[in-house]
2 protein chains.
Amino acid sequence: MLPNTAYAILGLLTFGRELSGYDVKKWADASLRFFWWAPATSHVYRELARLEELGLVTVRAAPDAQRRKRLYRITDAGRAAAAEWVTAPVAEPVVLKHPVALRLWLGHLGDGEQLRAVLEEHQVEARRLLWEIDQSIVASTDDAALEYPRLVLEWIRTIYAADAEATDTALGHLSR
Amino acid sequence: MLPNTAYAILGLLTFGRELSGYDVKKWADASLRFFWWAPATSHVYRELARLEELGLVTVRAAPDAQRRKRLYRITDAGRAAAAEWVTAPVAEPVVLKHPVALRLWLGHLGDGEQLRAVLEEHQVEARRLLWEIDQSIVASTDDAALEYPRLVLEWIRTIYAADAEATDTALGHLSR
DNA sequence: GGGAGCATGTAACGGGTTACATGATTGG
DNA sequence: CCAATCATGTAACCCGTTACATGCTCCC
């Protein structure tokens with residue numbers, strides 16, 4: 001069984017196009033990041049190499065390339081592996097790594113004023129993230145092939161919106 | 001700079017008591033898990049050893065112990081390091097690793113019926129998690145020392161509640 | 001000319017896991 | 001007596017990162 005990040009990268013290749021490693025990284029940053037993780041560039045290349053060894057993707061040199069460029073395409077075996085994985089029982093838990101909550105958890109240690117500042121900074125960040133998700137949602141409308149990605153974006157938008165609102169509430173509690 | 005998980009473990013020791021590695025693991029599973037991560041048992045012991053080397057905690061053998069048992073206590077330096085970390089600028093992003101959303105994202109690959117089943121399973125899981133958080137919140141009331149942990153639990157409860165509701169919504173979209 | 005973006009990787013390392021080893025105590 | 005829980009760690013491994021190396025192309 002491959003790690004989920006391998007399936008995430010394989011998944012990017014199921015949306016039809018051939019992608020370079022560079023493309024994969026860009027798409028991961030733009031979408032995967034919100035509900036999974038955006039792997040480092042070097043990680044992407046290593047993962048693609050492994051997928052190729054396993055016969056789940058194939059590579060070819062880009063035809064129009066003076067510049068060096070390798071295009072990856074998912075194979076039938078790859079598509080089958082991905083499809084199987086999608087509906088296999090989910091073993092992993094949902095993980096929320098919230099560095100700001102982790103700090104607030106230790107609020108008894110710190111200066112209240114500075115703690116407020118940390119939360120206020122997060123308030124801004126959380127709103128910016130929401131805005132980015134909204135941009136993604138807008139970009140995915142009118143493309144029937146992106147129906148599921150859009151569904152997911154709307155799902156996790158709810159979650160990040162809850163985070164933003166809960167930040168406000170926590171700040172309210174801190175003032176008192 | 002130490003990794004956040006080191007501060008998380010150090011943080012557990014700021015709540016007053018001396019803890020064994022075993023205790024740390026238990027508390028991490030019971031609380032940290034919801035908004036950060038519960039490290040593996042072996043990881044806990046390694047991290048405690050490192051904190052001791054750095055002089056942020058001290059160890060002593062448990063006094064009443066026939067059984068082998070080592071109790072860790074935070075030092076002044078440890079408390080200072082934790083306090084400083086709490087209010088230092090937050091560099092890390094909030095990370096949501098949602099294995100179910102990741103699968104739904106590839107919904108175009110799979111059998112719709114089985115995909116529904118995956119989401120329904122998550123629906124159950126999400127509710128159970130909410131219930132566990134509620135238990136934690138209840139357990140933390142009437143203890144003034146747990147004011148901030150409770151604040152955090154209420155914060156992240158909102159987030160997981162949003163996940164649970166969004167799962168329902170997504171399932172609704174799948175039926176149509 | 002030079003900076004931003006395109007493009008691909010290798011090497012070294014750290015964070016974190018699973019598997020394994022070992023043994024005491026408690027309670028049904 | 002036996003299972004569950006308490007209790008501590010080591011070894012091997014994998015996932016993923018940062019730092020680094022390299023070079024092209026586009027546009028100001």
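By convention in this document, chain letters (A, B, ...) are assigned in the order of the sequence lines, proteins followed by strands, and residues within each chain are numbered from 1.
Contacts between residues 1-13 of chain A and DNA chain D, counted as heavy-atom distances below 4.0 Å, involve A/Pro3, A/Thr5. For residues 33-57 of chain B, proximity to DNA chain D is found at B/Thr41, B/Ser42, B/Tyr45, defined as any non-hydrogen atom under 4.0 angstrom from a strand atom. Of the residues in residues 81-105 of chain B, not one places a heavy atom less than 4.0 Å from an atom of DNA chain C. Heavy-atom distances under 4.0 Å link DNA chain C to A/Ser20, A/Gly21 of residues 14-21 of chain A, given in residue order.
Considering CG of B/Leu32 and CH2 of B/Trp37, their distance stands at 11.5 Å, rounded to 0.5 Å.
Under the ring pair (Phe, Tyr, Trp, His ring centres under 6.0 Å) criterion, A/Phe34 pairs with no residue, sequence neighbours left out. Residues satisfying the ring pair (Phe, Tyr, Trp, His ring centres under 6.0 Å) test with B/His108, not counting sequence neighbours, are A/Phe15. Residues meeting the ring pair (Phe, Tyr, Trp, His ring centres under 6.0 Å) test with B/Trp27, sequence neighbours left out: none. A search for side chain to side chain contact (heavy atoms under 4.5 Å, CB included) contacts involving B/Ala30 returns nothing, not counting sequence neighbours.
Residue pairs meeting the side chain to side chain donor-acceptor pair (under 3.5 Å) criterion with at least one partner in residues 145-157 of chain B, sequence neighbours excluded, are A/Asp163-B/Trp155, B/Asp134-B/Arg157.
B/Asp168 and B/Arg127 get closest at one heavy-atom pair: OD2-NH2, 2.9 Å. Between A/Val44 and A/Gly21, the shortest heavy-atom distance links the atoms CG1-O, 3.7 Å. For the residue pair B/Ser31 and B/Leu12, the shortest heavy atom distance occurs at OG-CD2, 4.5 Å. The nearest pair of heavy atoms linking A/Ile133 to A/Leu153 is CG2-O, 3.9 Å. Taking each heavy atom of A/Pro63 and A/Leu71 in turn, the nearest pair found is CD-CD1, 4.3 Å.
Atom CD of A/Gln114 has more than 12 neighbouring heavy atoms from other residues, nucleotides or ligands inside a 6.0 Å radius. Enclosure of atom CD in B/Glu132 by more than 12 non-hydrogen atoms of other residues, nucleotides or ligands within 6.0 angstrom is indicated. A/Arg60 CZ: more than 12 foreign heavy atoms inside a 6.0 Å radius.
Side-chain N or O atoms of A/Thr169 include one that pairs as donor or acceptor with a backbone N or O of A/Glu165 at under 3.5 Å. Side chain of A/Arg103 to main chain of A/Pro99: a donor-acceptor pair is present (N/O by atom type, distance under 3.5 Å, no hydrogens or angles).
Counting only heavy atoms from C-beta outward, the side chains of A/Leu96 and B/Val94 approach each other to under 4.5 Å.
For the 3.5 Å distance criterion, the side chains of B/Asp23 and B/Ser20 qualify, holding a donor opposite an acceptor.
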What N/O pairs connect the protein and nucleotides 2-5 of chain D at under 3.5 Å? Give each pair on its own line.
none

Q | Worked verdict on A/Arg50 versus A/Glu53 for salt bridge (Lys or Arg N to Asp or Glu O under 4.0 Å) | A | CA-CA 5 Å; A/Arg50 166 155 71 172; A/Glu53 269 181 48; over 6 Å; no
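In 5' to 3' order, the nucleotides of DNA chain C bounding all contacts with chain A (an atom under 4.0 Å from a heavy atom) are C/dG5 to C/dG16.
An end-to-end axis angle of 30° holds for the helix from C/dG1-D/dC28 to C/dG28-D/dC1, taken from five base pairs per end and rounded to 10°.
Across A/Val100, A/Val118, A/Leu171, a single residue satisfies side chain to side chain contact (heavy atoms under 4.5 Å, CB included) together with A/Gln123, and that is A/Leu171.
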